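Structure in C-alpha cells, see below.
No experiment lies behind these values; they were computed from the predicted model shown. Residue numbers begin at 1 in each chain, while the letters A, B, ... track the order of the sequences.
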There are 2 protein chains.
Amino acid sequence: MDTGDRLLTPGEVAALFRVDPKTVTRWAAAGRIGSIRTPGGHRRFRESEVRALLEGEGVLDELEEGPENRPRNAGPANPPGGGPAGAGHMGLH
Amino acid sequence: MDTGDRLLTPGEVAALFRVDPKTVTRWAAAGRIGSIRTPGGHRRFRESEVRALLEGEGVLDELEEGPENRPRNAGPANPPGGGPAGAGHMGLH
DNA sequence: AGAGATTAGGGTAATTGGGGCT
DNA sequence: TATGTCCCAATTACCCTAATCT
C-alpha cells in the first residue's frame, strides 16, 4: 500500500481539517503530527499520516465511502495524542 | 472518494440547527452525528451529513404520526454496545 | 534577476471541550 | 430525556512583519 510519500503543505493539511495553517504548524510544534522541515524552515507533512488522522486511525471500518454514513460510535473517541506523540496532558479535570 | 463533504465547525452546525454549540457536541458524543476530531480534540462535522439531517432524511422513523401518544418508549437512543439506532440511513436519490 | 504566494513567528481574542447545574 | 447556561482549561483563529518557496 503505497499510501503515499507525497508531502503536503501546511495549507493543504489545514484545508483538509478545516483549520488555520497556523494550527497545523502548532500540531507539528507540539509533536502531534510528524513534520519534515525544508532547509528554509518550512514544514511538510506526509499525506498518509494526515489521512490517518482524518479518518480516525482507530476505526478503519469504512472501505466504501458513499452517501451511506454510518455513525457508529463504538468505543472511546480517538485519543488525540494517540499516535506517535503521546502528548499526554489534556484537559482532564 | 471525495463526496464533496466540507467540514463544518460546531458553531456552524449550531447556527444551522439554531441550537447551542454545546448541543451539537452532545449529538456527536451520543453518536447521533458523525464527527471528526482534530489532533487538538476539537470536532469537525461533515457538511453533507449535516445537510442530510437538516432535510430530515436521517430521521424517517419519526414521522408526524402519533398525535397524542408519543411515550418515547423504551428505546434507548444509544444503547451501549448496540448500534446507534439513530441516523445511519441516509436517503439516496 | 525579478515577482507573487505561502509560511514561520509572536501575540491576543474567540471558540471549543468537559463537567455540573437549572 | 433533552437544551441551555455556568464554570475553567485547552485549542483555535486572526492580527502583524519577515523569511522562504514556487
Among dT7(C), dT12(D), dG18(C), which nucleotide has an atom closest to any side-chain atom of T23(A)? dT12(D)
Whole-Å distance separating the CZ atom of F45(B) from the P atom of dT16(C): 9 Å
Sidechain-backbone polar pair: D20(B) side chain, K22(B) backbone, donor-acceptor under 3.5 Å: no
Less than 4.0 angstrom between a side-chain N/O of T9(A) and OP1 or OP2 of dT6(C), yes or no? no
Straight-line distance of R43(A) CZ to L7(A) CG, nearest 0.5 Å: 14.5 Å
Would you say that more than 12 heavy atoms from the other residues, nucleotides or ligands in this model lie under 6.0 Å from the CZ of R18(A), or not? no
Atom pair distance, as rounded to whole Å: CG in L7(A) and P in dT7(C):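 In whole Å, dT7(C) P and L7(A) CG are 14 Å from each other.
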Would you kindly compare G40(A) and H42(B) by the position of their nearest DNA chain D nucleotide and give the one closer to the 5′ end?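 Of the two residues, H42(B) wins.
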Within one Ile-Leu-Val-Met-Phe-Trp-Tyr cluster: I36(A) and L8(A), side-chain cutoff 4.5 Å: no
So, for P10(A) and R44(A), which heavy atoms are closest and what is the spacing to 0.1 Å? CD-NE, 4.4 Å
Report yes if at least one side-chain N or O of R26(A) is closer than 4.0 Å to OP1 or OP2 of dT7(C); otherwise report no.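 Result: no.
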Is R32(A) near enough to dT11(D) that one of its side-chain N or O atoms lies under 4.0 angstrom from OP1 or OP2? yes
Think R43(B) has a side-chain N or O under 4.0 angstrom from the OP1 or OP2 of dT16(C)? no
Checking contacts here: which listed nucleotide (dG4(D), dC21(D), dA8(C)) is nearest the side-chain heavy atoms of V19(B)? dG4(D)
Report yes if a side-chain nitrogen or oxygen of W27(B) is closer than 4.0 Å to either non-bridging phosphate oxygen (OP1 or OP2) of dA2(D); otherwise report no. no
Taking the six-membered ring where the residue is Trp, are the ring centres of F45(A) and W27(A) under 6.0 Å apart?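 Here the rings of W27(A) and F45(A) have centres that are no less than 6.0 Å from each other.
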Whole-Å gap separating C1' (dA19(D)) and CZ (R37(A)):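 Nearest whole value for this atom pair: 12 Å.
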Rounded distance in Å - CD (E12(B)) to C1' (dT12(D)): 14 Å
Measure NZ/K22(B) against C1'/dC21(C) and give the value in whole Å, please. 13 Å
Look at T38(B) and dT12(D) and indicate whether a side-chain polar atom (N or O) is within less than 4.0 Å of OP1 or OP2.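 Answer is yes, contact under 4.0 Å.
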When the distance from CZ of F17(A) to P of dA13(D) is rounded to whole Å, what number comes out? 12 Å
Length of the line joining D20(A):CG and dG10(C):P, which is rounded to integer Å: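 Result: 16 Å.
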End-to-end axis angle, where each axis spans five pairs of the helix from dA3(C)-dT22(D) to dG19(C)-dC6(D), to 10°: 60°
Nearest whole Å is fine: how far is dA13(D) P from R44(B) CZ?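 Going from CZ in R44(B) over to P in dA13(D) covers 6 Å.
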Tell me whether R32(A) contacts the main-chain N or O of P39(B) through its side chain, where contact means a donor paired with an acceptor under 3.5 Å.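 At least one qualifying donor-acceptor pair exists.
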